Enquirer: 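Would you mind keeping the following structure in view while I ask a few things?
Numbers restart at 1 for each chain; the letters A, B, ... are given by sequence-line order, proteins then strands. The analysis underlying the following values was restricted to heavy atoms, covering all of them including side chains, and did not include hydrogens, waters or symmetry mates. Since the structure is predicted, the reported quantities are computational estimates derived from the model, not experimental observations.
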There are 2 protein chains.
Amino acid sequence: MKVVRNGEAHRASRTGVIRPSGRPSDLSSELPLDTILRGDCVAELSKLPARSVDMVFADPPYNLQLQGELKRPDDSRVDAVDDAWDKFESFQAYDAFTRAWLLAVRRVLKPTGTLWVIGSYHNIFRVGALLQDLDFWILNDIVWRKTNPMPNFRGRRFTNAHETLIWAAREPGAKGYTFNYEALKAANEDVQMRSDWLFPICSGGERLKDEDGRKLHPTQKPEALLARVILSASKPGDVVLDPFLGSGTTAAVARRLGRHFVGIERDPTYADAAQARIDAVEPLPDLALALAPTAREAPRVAFNSLIERGLLAPGTLLTDAKARTRALVRADGTLSLETAPGLGQIGSIHRAGALAQGLDACNGWTYWHVETREGLKPIDTLRAVMRSEMAMAAE
Amino acid sequence: MKVVRNGEAHRASRTGVIRPSGRPSDLSSELPLDTILRGDCVAELSKLPARSVDMVFADPPYNLQLQGELKRPDDSRVDAVDDAWDKFESFQAYDAFTRAWLLAVRRVLKPTGTLWVIGSYHNIFRVGALLQDLDFWILNDIVWRKTNPMPNFRGRRFTNAHETLIWAAREPGAKGYTFNYEALKAANEDVQMRSDWLFPICSGGERLKDEDGRKLHPTQKPEALLARVILSASKPGDVVLDPFLGSGTTAAVARRLGRHFVGIERDPTYADAAQARIDAVEPLPDLALALAPTAREAPRVAFNSLIERGLLAPGTLLTDAKARTRALVRADGTLSLETAPGLGQIGSIHRAGALAQGLDACNGWTYWHVETREGLKPIDTLRAVMRSEMAMAAE
DNA sequence: ACGGAGAGTGAATCATACA
DNA sequence: CTGTATGATTCACTCTCCG
């Protein structure tokens, strides 16, 4: 699927389906968009087309020993064995359950897709170890620090004031996963976003209630947390899947942020509530969502095109920022070094810059400068002029 | 062994040995106190008496699996952990190693003893899962948030700004473990100590250097972290064991805080340096063993947190004080300029403010204003609201 | 002595397009 | 598939050097 960069394009397919690339279209391989699938997540995932989802957020069951509802991968109930709940048995069952849904998720993930899992110390170590065993590639672990955690009533432990998220790529060496680095940095006082995030727990008006005014779902996650996740690791128009949808936070936030969602939920009460919640969401306007072009994604400009366009004349002398090293611009777009080290050598702006500094690599665009009326300027400013000319021409 | 509660009692046995309770005294079952045992930790642990240690702190190899060389943007090389002791053939090999030392540790722990392990996402999930498999009982996971982590140089992930500690009892239902709840609370401005701790990394004068002025040990931990651990989960006179002593932080802090230590270290260089470091430590007078207050955290507010907390909606228009320039608040916490100069450009509140004025820099908090019932207000007032909410939540 | 500039550094699983 | 060329990318803090 082509990456959709503007809102109009993804709006057009808001209620459509997505077919996996490189496979014939048939009903069984279509990805239903913006829908809650009711059923067991492993069973439902197996019906979806392979390699069709951009991001998965999973909030699996945490409690291992406190509840007897744990299901095996085949959906049979794990027998709680009378009074003696065998703890080793329960960890094994939890591992089998986890392995099953992780494998099912891996199948539907695109090769460039990433997976988020949230958990607490009760389960996150097992999930993380299994992720590694199954050859996912952990990119970060993230700590959600709660501003308002529940205190520890008995005073026998530290206040459990955080949960852990794991962010993982589909496999080691996976390339091309989405990470909106520049936007995150810009939003964070122009410093890199760290692995520790601070949010309040979900309470007040955001917390869904049932008819009796009791909380509808025991572990509803705050929308702010999901927004951070979705804004970090997906693009507008992407497909975000949640195999344990619960109260529908993932889907509601995805919809608000112009992403498609696929939710899976077994419990009809939760699924109904999630559907009502999603229906009430108004997607944000495209302008508030579009990603800013990043330096990485800017169109490539060949150095010799500056010469061809007349922005730089052959024979011009370039220098480093302190005017210590010099190089001559040749008509073919190469540089000839005029100073040691590298005197007389010829190469690209990058090779020449590396040679001049005795380094392996160098970004010639920022290393080499040209004399202008306003003083020495990096040739990157000429590239910027070139790019804006190209953008004007494209309109 | 009786718990020793005052300084005098434990001073008396400072250089002595401890015999395991309920067993005949013989040389092979005596615990050598305040000593570094040189050798492999599993072998050395097996020589120690069972059930004789109050607390274990372990900083095992992390199994980092670094792929290649990493350079900073200025092309300098990152001095990474490439030591042989951190290399394992597979996760299986790492698990076998971990299982072996965990079992050896369990044998020497008193039934009331607790174990701390520190790690990163590379290894901590495996350690945690094995702790559960081996029937330890996790009491908390603790996040060490670093004030000054190494940045992510390539901009492909979140800054890895924390490490994780697991605190576990010897077995489920273990009673009588030490947790100095009241002292910790008193030291924490009378609120319960949380599971997220903030400390700088070990650097400056605290960092041990070799003859050439290079760091002696690649992963020396800060003393403040160890002090928090030891003060939380042990009493004066207790025995604290570290099976991977390294540069000796655990032993040095234990000695300073009036605890006995047993250190195990395989590398003679590390062991020698640790011994010299420990010898230079002056134990604190008993009265000074009270907890020092924890540092109050400077509240830092990022612009996107205003959006995440609902104080500012995506799509809102911001203006300068005279309402000449306009910018749109986007969902990810960046601004999109709606007026020239800079029309259409996207950036942080600071970048956008600079662009709008044609300046190099700008304080977006005071430049950008939002329309309120009481007229145009700088967004800094929203930040003030945010800070007061955070302060209230902290009480 | 003091201030400021500049260099150094810390447990890191840190590219991608195109030929 | 591999190999090659391009070129994007850092925060908080400590210490030294120089004026």
Side-chain angles (χ1 to χ4, degrees), chain A residues 112 132 136-141 167-169 172-177 179 181-182 185 188-195 294-303 347-354 359-368 379-380 383, chain B residues 59-83 85-88 91 94 118-124 144 146-164 200-207 209 213-215 217-222 244 246 298 300:
Chain A
T112 55
Q132 294 177 316
F136 284 85
W137 189 247
I138 298 179
L139 296 167
N140 278 114
D141 60 334
W167 181 38
K175 294 190 195 315
Y177 62 86
F179 178 55
Y181 173 78
E182 290 83 1
K185 183 175 173 179
N188 190 43
E189 298 286 287
D190 287 324
V191 294
Q192 296 184 336
M193 190 68 80
R194 296 166 41 115
S195 58
T294 67
R296 272 191 185 85
E297 292 163 350
R300 291 203 164 199
V301 173
F303 179 63
S348 71
I349 54 171
H350 310 299
R351 285 308 311 148
L359 298 175
D360 288 342
C362 163
N363 182 344
W365 291 109
T366 52
Y367 178 73
W368 293 110
I379 57 175
D380 207 23
R383 183 170 64 163
Chain B
D59 183 7
Y62 285 12
N63 190 21
L64 284 186
Q65 307 170 71
L66 304 178
Q67 303 293 299
E69 166 168 283
L70 180 67
K71 290 192 168 175
R72 296 187 171 82
D74 66 4
D75 216 47
S76 63
R77 204 178 131 271
V78 173
D79 182 18
V81 179
D82 52 2
D83 306 68
W85 49 254
D86 196 47
K87 297 217 189 314
F88 292 83
F91 284 131
Y94 188 80
I118 185 167
S120 67
Y121 68 86
H122 310 86
N123 71 322
I124 199 67
W144 167 29
K146 302 179 183 182
T147 57
N148 49 347
M150 195 186 308
N152 184 290
F153 295 118
R154 305 301 288 264
R156 299 297 298 147
R157 304 182 176 193
F158 297 93
T159 306
N160 202 349
H162 73 276
E163 294 188 25
T164 302
I201 60 175
C202 180
S203 66
E206 189 185 324
R207 189 90 195 208
K209 302 287 185 350
R214 287 175 302 210
K215 60 187 175 190
H217 192 283
T219 70
Q220 184 180 340
K221 295 292 176 289
F244 306 99
R300 176 176 191 159

Enquirer: Quote, to the nearest angstrom, the P distance that separates C:dG10 from D:dT9.
Expert: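 My reading of the P atoms in C:dG10 and D:dT9 gives 25 Å.
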
Enquirer: Under 4.0 Å from OP1 or OP2 of C:dA12: is there any side-chain N or O of A:N140 that close?
Expert: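 No.
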
Enquirer: Using atom C1' of each nucleotide, how far apart are C:dT13 and D:dA12 to the nearest Å?
Expert: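 Per the computed distance, 23 Å lies between those C1' atoms.
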
Enquirer: Verify, without hydrogens or angle tests, whether B:T159 (side chain) and B:P151 (backbone) share a donor-acceptor contact under 3.5 angstrom.
Expert: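 Such a contact is absent between B:T159 side chain and B:P151 backbone.
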
Enquirer: Considering every strand and a 4.0 Å limit on heavy-atom distances, what is the contact class for A:E189: base, sugar-phosphate, or nothing?
Expert: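 Here A:E189 touches no strand at all.
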
Enquirer: What's B:P60 touching, base or sugar-phosphate or nothing? Going by heavy atoms closer than 4.0 Å.
Expert: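 The residue B:P60 makes base contact.
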
Enquirer: Is A:W137 stacked against the base of C:dT13, taking the criterion as centroid distance under 5.5 angstrom and interplanar angle under 30°?
Expert: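 Here the ring of A:W137 and the base of C:dT13 are stacked, with centres under 5.5 Å and planes under 30°.
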
Enquirer: Assign the ring pair A:W167 / A:F179 to parallel, tilted or perpendicular, where the plane angle (0 to 90°) is split at 30° and 60°.
Expert: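 A:W167 and A:F179: tilted rings.
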
Enquirer: Taking atom C1' of D:dA12 as reference, at what distance in whole Å does atom CG of A:D190 sit?
Expert: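 Whole-Å distance recorded here is 16 Å.
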
Enquirer: Ignoring backbone atoms, establish whether A:Y181 has a side-chain N or O less than 4.0 Å from OP1 or OP2 of D:dT10.
Expert: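 It does, given that an N or O in the side chain of A:Y181 lies less than 4.0 Å from OP1 or OP2 of D:dT10.
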
Enquirer: C:dC14 P sits how many Å from B:H122 NE2, rounded?
Expert: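 Roughly 8 Å, once rounded to whole Å.
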
Enquirer: Name the pairing partner of D:dT14, where a pair is Watson-Crick or G-U wobble with both distances under 3.5 Å, or state none.
Expert: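 Its partner is C:dA7 (Watson-Crick or G-U wobble, both distances under 3.5 Å).
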
Enquirer: Send over the distance from A:L359 CG to D:dA5 P, rounded to a whole Å.
Expert: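 Taking CG of A:L359 and P of D:dA5, I get 17 Å after rounding.
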
Enquirer: Is atom CG of A:D360 surrounded by more than 12 heavy atoms (other residues, nucleotides or ligands) closer than 6.0 Å?
Expert: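 Result for CG/A:D360: open.
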
Enquirer: When all nucleic acid strands are considered with a 4.0 Å heavy-atom cut-off, which category describes B:A80: base, sugar-phosphate, or nothing?
Expert: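 B:A80: base contact, heavy atoms under 4.0 Å.
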
Enquirer: Looking only at the side chain of A:S348 (C-beta and beyond, no hydrogens), which of the listed nucleotides D:dT6, D:dA8, C:dA12 gets closest?
Expert: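 The answer is D:dT6.
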
Enquirer: Are OP1 or OP2 of D:dT10 and a side-chain N or O of B:R157 less than 4.0 angstrom apart?
Expert: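 False: B:R157 side-chain N/O out of range (4.0 Å or more) of D:dT10 OP1/OP2.
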
Enquirer: On a whole-Å scale, what distance lies between the C1' atoms belonging to C:dC14 and D:dG7?
Expert: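 One C1' to the other, the span is 15 Å.
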
Enquirer: Would you mind reading off the distance between A:R351 atom CZ and D:dG7 atom P, rounded to a whole angstrom?
Expert: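 The distance from CZ of A:R351 to P of D:dG7 comes to 14 Å, rounded to the nearest Å.
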
Enquirer: Using only side-chain N and O atoms of A:T366, determine if any of them is under 4.0 Å from OP1 or OP2 of D:dA8.
Expert: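 For A:T366, the contact criterion (side-chain N or O under 4.0 Å from OP1 or OP2 of D:dA8) is not met.
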
Enquirer: Which nucleotide, C:dC14, D:dT10, D:dA8, lies nearest any side-chain atom of A:R296?
Expert: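 For A:R296, the side-chain atoms sit closest to D:dA8.
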
Enquirer: Quick check: closest heavy atoms across B:F158 and A:R194, and the distance to 0.1 Å?
Expert: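 Residues B:F158 and A:R194, closest heavy atoms: CD2-O, 3.9 Å.
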
Enquirer: Charged N to carboxylate O below 4.0 Å: is that the case for B:D79 and B:R214?
Expert: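 The answer is no: the pair does not qualify as a salt bridge.
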
Enquirer: Could you give the CG-to-P distance, from B:N152 to C:dG10, as a whole number of Å?
Expert: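 Answer to the nearest Å: 17 Å.
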
Enquirer: Using only modelled atom types and a 3.5 angstrom limit, is any donor from either the side chain of B:K146 or the base of C:dA11 paired with an acceptor on the other?
Expert: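 Under the 3.5 Å cut-off, the side chain and the base do not form any donor-acceptor pair.
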
Enquirer: Roughly how far apart, to the nearest Å, are D:dC18 and C:dA1 at atom C1'?
Expert: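 Nearest-Å result for D:dC18 against C:dA1 at atom C1': 14 Å.
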
Enquirer: Quick check on D:dT6: syn or anti? Syn means the glycosidic torsion is within 90 degrees of zero.
Expert: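 Anti, which is what one calls it when the glycosidic angle falls more than 90° from 0.
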
Enquirer: Please determine whether a side-chain nitrogen or oxygen atom of B:K215 lies at a distance below 4.0 Å from atom OP1 or OP2 of C:dA11.
Expert: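 It does not, given that no N or O in the side chain of B:K215 lies less than 4.0 Å from OP1 or OP2 of C:dA11.
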
Enquirer: Specify the closest pair of heavy atoms between B:N160 and A:D141, including all atoms of both residues, with the distance to one decimal.
Expert: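 What the structure gives for the nearest pair is OD1-OD1, 4.3 Å.
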
Enquirer: Considering only side-chain heavy atoms of B:Y62, which listed nucleotide, D:dC11, D:dC13, C:dA11, is closest?
Expert: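 Taking heavy atoms from C-beta onward, the closest nucleotide is C:dA11.
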
Enquirer: Which sits closer to the 5' end of DNA chain C, A:F136 or B:K209, going by the nucleotide each is nearest to?
Expert: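 Final value for this comparison: B:K209.
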
Enquirer: Any idea which heavy atoms bring B:D82 and B:K87 closest together, and the distance?
Expert: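 Reported closest heavy-atom pair: O-NZ, 3.5 Å.
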
Enquirer: Answer yes or no: side-chain N or O of A:R383 and base N or O of D:dG7 forming a donor-acceptor pair under 3.5 Å.
Expert: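 No such pair is found, so the answer is no.
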
Enquirer: Taking all non-hydrogen atoms of both residues into account, name the closest pair between B:G119 and B:I124 and its distance.
Expert: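 In this case the closest contact between B:G119 and B:I124 is N-CD1, 3.7 Å.
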
Enquirer: Would you tell me if any nitrogen or oxygen in the side chain of A:H350 comes within less than 4.0 Å of OP1 or OP2 on D:dT6?
Expert: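 Negative; the distance criterion is not met.
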
Enquirer: To the nearest Å, give me how far apart CG (B:N123) and P (C:dA12) are.
Expert: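 Checked: the CG to P distance equals 13 Å.
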
Enquirer: Give one of base, sugar-phosphate or nothing for B:R156, where a contact means two heavy atoms less than 4.0 Å apart.
Expert: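 Sugar-phosphate contact only.
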
Enquirer: Closest nucleotide of DNA chain C for A:A174 versus for B:I201: which of these residues is on the 5' side?
Expert: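 Going by which nucleotide is closer to the 5' end, it is B:I201.
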
Enquirer: Checking all strands, does B:G205 fall into the base, sugar-phosphate, or nothing category for heavy-atom contacts under 4.0 angstrom?
Expert: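 Sugar-phosphate, no base atom in range.
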
Enquirer: If only side-chain N and O atoms of B:R214 are considered, is one of them under 4.0 Å from the OP1 or OP2 phosphate oxygen of C:dG8?
Expert: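 No, no such contact exists.
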
Enquirer: Quick one: B:F153 CZ to C:dA15 P, roughly how many Å, whole number?
Expert: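 The distance from CZ of B:F153 to P of C:dA15 comes to 12 Å, rounded to the nearest Å.
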
Enquirer: When the C1' atoms of D:dA5 and C:dA12 are considered, how many whole Å apart are they?
Expert: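 My reading of the C1' atoms in D:dA5 and C:dA12 gives 25 Å.
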
Enquirer: According to the Watson-Crick and G-U wobble definitions, with both distances under 3.5 Å, which nucleotide is paired to D:dG7?
Expert: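 Result: none.
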
Enquirer: Classify the nucleic acid contact of B:D59 as base, sugar-phosphate or nothing, counting any heavy atom under 4.0 Å across all strands shown.
Expert: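 Result for B:D59 = base.
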
Enquirer: Would you classify B:C202 as touching base, sugar-phosphate or nothing, given that sugar-phosphate means primed atoms plus P, OP1 and OP2, and contacts are heavy atoms under 4.0 Å?
Expert: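 The answer is nothing, as B:C202 stays clear of every strand by at least 4.0 Å.
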
Enquirer: Using the P atom as the point on both nucleotides, what is the distance between D:dA8 and C:dA11, in whole Å?
Expert: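 Result for the P pair: 30 Å, nearest Å.
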
Enquirer: Remember a base hit wins even if backbone is also touched, and classify B:S120 as base, sugar-phosphate or nothing at under 4.0 Å, heavy atoms.
Expert: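 Since no nucleic acid heavy atom lies under 4.0 Å of B:S120, the category is nothing.
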
Enquirer: What does B:P149 touch in the nucleic acid at a heavy-atom separation under 4.0 angstrom: a base, only the sugar-phosphate, or nothing?
Expert: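 Counting heavy atoms under 4.0 Å across all strands, the contact made by B:P149 includes a base.
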
Enquirer: Quick check: does any side chain N or O of B:R156 sit under 3.5 Å from a backbone N or O of A:Y181, one acting as donor and the other as acceptor?
Expert: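 Between the backbone of A:Y181 and the side chain of B:R156 there is no qualifying donor-acceptor contact (under 3.5 Å).
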
Enquirer: Within this structure, what is the NZ-to-P distance between B:K221 and C:dG10, rounded to whole angstrom?
Expert: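 Distance check: B:K221 NZ to C:dG10 P gives 13 Å.
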
Enquirer: B:P151 side chain: which of D:dC11, C:dT13, D:dT9 is closest?
Expert: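 It is D:dC11.
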
Enquirer: At their closest point, which heavy atom of B:R207 faces which heavy atom of B:H217, and how far apart are they?
Expert: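 In terms of heavy atoms, the two residues are closest at NH2-O, 2.6 Å.
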
Enquirer: Over all strands shown, is A:I138 touching base, sugar-phosphate only, or nothing at heavy-atom distances under 4.0 angstrom?
Expert: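 It contacts base atoms.
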
Enquirer: Reading DNA chain D from 5' onward, which residue's closest nucleotide shows up sooner: B:D75 or B:G204?
Expert: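 Upstream on the strand: B:D75.
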
Enquirer: Whether B:R154 contacts C:dA15 is assessed here as follows: a side-chain N or O lying under 4.0 Å from the phosphate OP1 or OP2. Is that the case?
Expert: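 B:R154 to C:dA15 OP1/OP2: side-chain N or O found under 4.0 Å.
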
Enquirer: For B:G119, report the nucleic acid contact type (base, sugar-phosphate, nothing); a contact means any heavy atom under 4.0 Å.
Expert: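 Answer is nothing: B:G119 stays at 4.0 Å or more from every strand.
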
Enquirer: How would you label the contact of B:T147 with the nucleic acid (heavy atoms, under 4.0 Å): base, sugar-phosphate, or nothing?
Expert: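 Counting heavy atoms under 4.0 Å across all strands, the contact made by B:T147 is with sugar-phosphate only.
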
